[in-house]
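One structure below.
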Protein chains: 2
Amino acid sequence: MKISPAEAVVMEVLWRASPRTAEEVFAEVGGPQRWTEATVKTLINRLLKKKAVAAERDGRRYLYRPVLERAAYIRGESQSLLDRLFDGRLAPLVSHLSQSRALSPEDMAELKRLIEEMDE
Amino acid sequence: MKISPAEAVVMEVLWRASPRTAEEVFAEVGGPQRWTEATVKTLINRLLKKKAVAAERDGRRYLYRPVLERAAYIRGESQSLLDRLFDGRLAPLVSHLSQSRALSPEDMAELKRLIEEMDE
DNA sequence: CACCAACGTTTACTCATGTAATCGATACAT
DNA sequence: ATGTATCGATTACATGAGTAAACGTTGGTG
């Protein structure tokens with residue numbers, strides 16, 4: 001099941017560290033996002049329904065942990081962008097981004113390194 | 001204004017060739033998408049409201065052309081993916097994709113070429 | 001000139017999403 | 001033991017998106 005951008009923000013928190021209580025998730029995300037705790041709970045609930053997170057009872061509360069892995073999520077998103085806009089090919093994406101925004105020297109260096117090691 | 005995935009499909013048609021009538025857009029996209037002509041018209045109208053396409057009267061019908069440029073759209077989408085998932089950096093994206101799916105030799109070759117020429 | 005076909009415009013309806021308040025159960029403090 | 005604070009669950013509501021039918025207008029045809 002597809003997870004929405006707002007839900008992904010919650011996932012990011014859980015991917016950084018889990019398990020977490022709803023309150024902890026809220027503590028980490030409420031500020032930047034200006035969400036109330038109710039909103040965070042709704043999002044967690046939707047993620048439960050979508051089986052993207054699992055809950056484990058811990059006394060009076062629950063501890064939540066990701067079920068969907070970050071790598072899988074990222075892969076899906078990247079893939080779909082690539083397919084929708086670049087005919088599934090990586091080179092045009094890189095080409096486009098390298099033109100439209102300056103790459104930092106570190107990025108350049110890392111890219112180079114990547115290409116080399118992929119070459120083996 | 002943000003354009004939706006379905007709307008983007010219509011934009012793609014217009015980016016390939018324009019101006020086009022609604023019927024022509026439908027002809028090109030209706031099949032693969034299993035949309036009726038009514039649906040295509042709704043999408044065109046929403047794109048008009050969003051100023052992503054412009055219409056020019058041609059007798060009893062209109063000819064539509066893109067106002068939003070493909071490059072700008074692609075840039076926005078790629079940028080937002082990069083920011084959301086890869087902290088705005090290109091290298092991690094490439095790294096991820098190169099692991100999760102095999103790059104074709106041509107893709108590899110082109111990437112290499114890109115990196116080299118960006119290096120100047 | 002009356003009618004019909006072809007357009008674009010308006011309206012419709014369902015589902016997902018963002019955002020949040022309310023409800024109901026329950027553990028703890030007094 | 002009872003009230004209260006605290007959880008999660010349920011309900012709410014507006015907006016956008018996907019999908020499409022109905023409507024109104026206008027130009028062409030018989």
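In what follows, chains are A, B, ... by sequence order, proteins preceding strands, each numbered from 1. Values below: all heavy atoms of this structure, side chains included; hydrogens, waters and symmetry mates excluded. Please read these numbers as outputs of a predicted model, since none were measured by experiment.
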Would you confirm whether A:S95, through its side chain, and A:A91, through its main-chain N or O, come within 3.5 Å as a donor-acceptor pair?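 Looks like no, no N/O pair under 3.5 Å.
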Between the base of C:dA20 and the side chain of A:T42, is there a donor-acceptor distance below 3.5 Å?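 Yes, a donor-acceptor pair under 3.5 Å.
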In whole Å, what is the span from the [atom1] atom of [X] to the [atom2] atom of [N]?
X	N	atom1	atom2	answer
A:Y62	D:dA9	OH	C1'	10 Å
B:D58	C:dA6	CG	C1'	14 Å
A:E24	D:dG8	CD	P	11 Å
A:Q33	C:dA20	CD	P	11 Å
B:L43	C:dG8	CG	P	14 Å
B:R60	C:dC4	CZ	P	16 Å
A:R61	C:dT26	CZ	P	17 Å
B:E37	D:dA20	CD	C1'	12 Å

Quick test of your reading of the model: are B:K41 and B:E23 salt-bridged, counting only N-O distances below 4.0 Å?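 Looking at B:K41 and B:E23, the cut-off is not met.
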Charged N to carboxylate O below 4.0 Å: is that the case for B:K112 and A:E116?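 Salt bridge: no.
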Are [X] and [Y] side-chain neighbours, meaning at least one heavy-atom pair lies under 4.5 Å?
X	Y	answer
B:Y64	B:V25	no
A:Y62	A:L48	no
A:D107	B:R89	yes

Nearest-nucleotide pick for A:K41, side chain only, options being D:dG18, D:dG8, C:dT19: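 Nucleotide nearest to A:K41's side chain: D:dG8.
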Any base atoms under 4.0 Å from A:S4, or only sugar-phosphate, or nothing? Heavy atoms, all strands.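 Sugar-phosphate only.
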B:A22 near the nucleic acid: base, sugar-phosphate alone, or nothing, with a heavy-atom cut-off under 4.0 Å?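 Contact class for B:A22: sugar-phosphate only.
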Looking at residues 44-53 of chain A, who's got a heavy atom less than 4.0 Å off DNA chain C? A:R46, A:K50
A:S78 OG to B:L82 CG distance, which is reported to the nearest 0.5 Å: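 Output value for this atom pair is 9.0 Å.
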Tell me which of A:A6 and A:G59 sits closer to the 5' end of DNA chain C, going by the nucleotide each one is nearest to. A:A6
If you assign each of A:R57 and A:W35 to its closest nucleotide in DNA chain C, which residue comes earlier from the 5' end?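 Closer to the 5' end of DNA chain C: A:W35.
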B:P5 vs A:E23, nearer the 5' end of DNA chain D by closest nucleotide: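 Counting from the 5' end, the first nearest nucleotide belongs to A:E23.
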